[in-house]
Colleague: 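Handing you this structure, nothing more for now.
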2 protein chains.
Amino acid sequence: MCGSAEKIQDAELEVMQVLWDSPQPVPLAELRRVLGQQRGWEDSTVKTLLRRLCGKGAVALERRGMYRAVLTRAEYSRWSARRLVGKLFDGSAKQLVASLLSDGQLSEADIAELSALLHGEDGK
Amino acid sequence: MCGSAEKIQDAELEVMQVLWDSPQPVPLAELRRVLGQQRGWEDSTVKTLLRRLCGKGAVALERRGMYRAVLTRAEYSRWSARRLVGKLFDGSAKQLVASLLSDGQLSEADIAELSALLHGEDGK
DNA sequence: CTTGAAAGTTTACTGTTGTAGTCTAATCAA
DNA sequence: TTGATTAGACTACAACAGTAAACTTTCAAG
């Protein structure tokens with residue numbers, strides 16, 4: 001069903017990040033506190049974003065005042081990576097990796113670890 | 001100066017793709033033809049998008065009726081990859097690659113080629 | 001020159017996103 | 001039971017994005 005994965009907007013993503021940073025459902029008060037501090041958002045802004053995210057099925061109201069991420073960071077990240085590859089790397093993830101590499105985004109240590117992953121060590 | 005890289009919207013990106021697909025400046029008539037066919041856009045839509053892209057400095061009017069991409073696909077792709085990494089992979093390109101891998105986005109052949117790249121063969 | 005087509009410019013309209021006020025319903029303490 | 005606090009729902013509004021019509025300028029052909 002998640003095929004329809006509605007796009008998460010920038011502001012909404014900020015809310016998801018907070019939810020993702022906690023293994024437990026997060027109380028509204030906490031969201032308000034963190035986002036108010038980090039982004040200077042008013043109470044109603046946070047509530048509006050939560051409402052929109054619930055509408056998109058990315059967040060669920062666990063119980064009164066407790067919100068939980070339905071869409072996981074891993075899912076969304078994977079989906080975003082695929083979309084980027086499709087849009088800008090001609091559908092080739094390899095090209096994306098090559099770009100990261102030539103852009104100096106991978107340190108020597110990263111390369112070493114990735115080499116291991118690419119070979120034996122099952123990446124999952 | 002391109003530091004201010006204004007964000008390219010989805011519709012605008014379609015236009016860029018056509019420009020990127022040609023090494024030469026592209027005549028408006030051609031853009032209209034391709035985008036009219038691919039997206040069903042009216043003449044004025046294409047013109048509006050071109051104007052907005054010119055405003056963002058991503059496209060230039062080479063001469064009457066001839067448009068040229070100023071922002072290159074490589075530049076924009078690189079920038080987008082960095083942004084994705086920053087937003088969803090904790091700033092670690094390595095994590096993005098690991099995600100692609102565990103998501104099965106890299107074929108055996110891709111992995112072989114990347115291994116070569118990661119080692120000796122300069123990725124540029 | 002005049003005119004007509006193509007290019008360029010202005011204006012427009014709807015839906016979405018960022019941000020937030022307000023009103024109502026639920027809850028908790030006294 | 002009532003009053004205060006908090007959560008949820010509804011409304012708002014400007015900026016931007018997607019889409020396009022209408023108007024104006026330019027240029028080449030006749």
Side-chain angles (χ1 to χ4, degrees), chain A residues 4-19 22 24-71 76 80 83 87-88, chain B residues 4-19 22 24-71 76 80 83 87-88:
Chain A
S4 65
E6 289 196 65
K7 195 190 239 174
I8 306 295
Q9 283 332 116
D10 283 351
E12 292 166 349
L13 190 59
E14 294 297 315
V15 177
M16 293 306 292
Q17 302 278 15
V18 179
L19 293 173
S22 162
Q24 304 297 317
V26 179
L28 174 58
E30 167 81 358
L31 287 159
R32 181 169 40 226
R33 192 181 60 69
V34 174
L35 294 166
Q37 185 140 29
Q38 286 183 356
R39 305 283 316 248
W41 282 341
E42 289 306 312
D43 168 59
S44 33
T45 301
V46 176
K47 289 197 235 172
T48 296
L49 293 173
L50 282 168
R51 185 166 38 78
R52 288 180 185 168
L53 285 166
C54 286
K56 294 183 180 185
V59 166
L61 184 56
E62 188 76 2
R63 62 180 182 285
R64 177 159 239 259
M66 293 299 269
Y67 291 87
R68 179 174 61 81
V70 171
L71 179 66
Y76 187 65
S80 299
R83 215 160 57 91
K87 270 188 205 277
L88 291 171
Chain B
S4 65
E6 289 195 65
K7 195 192 241 174
I8 305 296
Q9 284 329 116
D10 283 350
E12 292 166 349
L13 189 60
E14 294 297 314
V15 178
M16 295 305 292
Q17 302 278 15
V18 179
L19 294 173
S22 162
Q24 303 298 318
V26 179
L28 173 57
E30 168 81 357
L31 287 159
R32 180 168 42 225
R33 192 181 62 68
V34 174
L35 294 165
Q37 185 141 29
Q38 285 182 356
R39 305 284 318 245
W41 282 342
E42 289 306 312
D43 169 60
S44 31
T45 302
V46 176
K47 289 196 236 174
T48 297
L49 293 172
L50 282 168
R51 184 167 39 77
R52 288 181 184 168
L53 285 167
C54 286
K56 294 182 179 185
V59 167
L61 184 55
E62 188 75 3
R63 62 180 182 285
R64 178 160 238 258
M66 295 299 271
Y67 291 86
R68 180 173 60 82
V70 171
L71 178 67
Y76 187 65
S80 299
R83 214 161 57 92
K87 271 189 205 276
L88 291 171

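What you are looking at is a predicted structure, and each value in this text was computed from that prediction instead of being measured. Proteins get letters first, then strands, A, B, ... in listed order; numbering begins at 1 in each.
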Colleague: Between D:dG18, D:dT19, C:dT19, spot the one nearest the side chain of B:Gln9, thanks.
Modeller: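 That would be D:dG18.
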Colleague: Just to verify, what does B:Arg64 make a side chain to side chain donor-acceptor pair (under 3.5 Å) with, not counting sequence neighbours?
Modeller: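 Expected list: none.
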Colleague: Kindly write out the residues that satisfy salt bridge (charged side-chain N to carboxylate O under 4.0 Å, His left out) with A:Arg39, not counting sequence neighbours, or none if the list is empty.
Modeller: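 For A:Arg39 the salt bridge (charged side-chain N to carboxylate O under 4.0 Å, His left out) partners, ignoring immediate neighbours, are A:Glu14.
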Colleague: Please write out each protein N/O paired with an N/O of nucleotides 9-13 of chain C under 3.5 Å, distance rounded to 0.1 Å.
Modeller:
none

Colleague: List the residues meeting side chain to side chain donor-acceptor pair (under 3.5 Å) with B:Arg33, not counting sequence neighbours, and say none if there are none.
Modeller: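 In terms of side chain to side chain donor-acceptor pair (under 3.5 Å), with neighbours along the sequence ignored, B:Arg33 is linked to B:Glu30.
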Colleague: In chain order, what residues pass the side chain to side chain donor-acceptor pair (under 3.5 Å) check against B:Glu42, with sequence neighbours excluded?
Modeller: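 Counting only residues at least two positions away or on another chain, B:Glu42 forms no side chain to side chain donor-acceptor pair (under 3.5 Å).
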Colleague: Identify, with sequence neighbours excluded, every residue that meets salt bridge (charged side-chain N to carboxylate O under 4.0 Å, His left out) alongside A:Arg68.
Modeller: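 Once residues adjacent in sequence are excluded, the partners of A:Arg68 under the salt bridge (charged side-chain N to carboxylate O under 4.0 Å, His left out) criterion are A:Glu62.
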Colleague: Check the distance between D:dC16's C1' and B:Asp10's CG and give it to me in whole angstrom.
Modeller: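 Taking atom C1' of D:dC16 as the reference, CG of B:Asp10 is at 13 Å.
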Colleague: Under 3.5 Å, which donor-acceptor pairs do the side chains of residues 52-60 of chain A form with other protein atoms, sequence neighbours left out?
Modeller:
| unit_1 | atom_1 | unit_2 | atom_2 | d |
| --- | --- | --- | --- | --- |
| A:Lys56 | NZ | A:Lys7 | O | 2.7 |
| A:Lys56 | NZ | A:Glu12 | OE1 | 2.8 |
| A:Lys56 | NZ | A:Glu12 | OE2 | 3.3 |

Colleague: In the 5'-to-3' direction, what one-character label does each nucleotide of nucleotides 24-30 of chain C receive under the scheme B = base within less than 4.0 Å of a protein heavy atom, S = sugar-phosphate only, - = no such atom?
Modeller: --SS---
Colleague: For B:Arg32, which residues count as a side chain to side chain donor-acceptor pair (under 3.5 Å) partner, sequence neighbours excluded?
Modeller: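 With sequence neighbours excluded, B:Arg32 shows a side chain to side chain donor-acceptor pair (under 3.5 Å) to B:Asp43, given in chain and number order.
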Colleague: Got a sec? Which of residues 24-43 of chain A come in under 4.0 Å of DNA chain C, heavy atoms?
Modeller: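 A:Arg39, A:Trp41, A:Glu42, in order of number.
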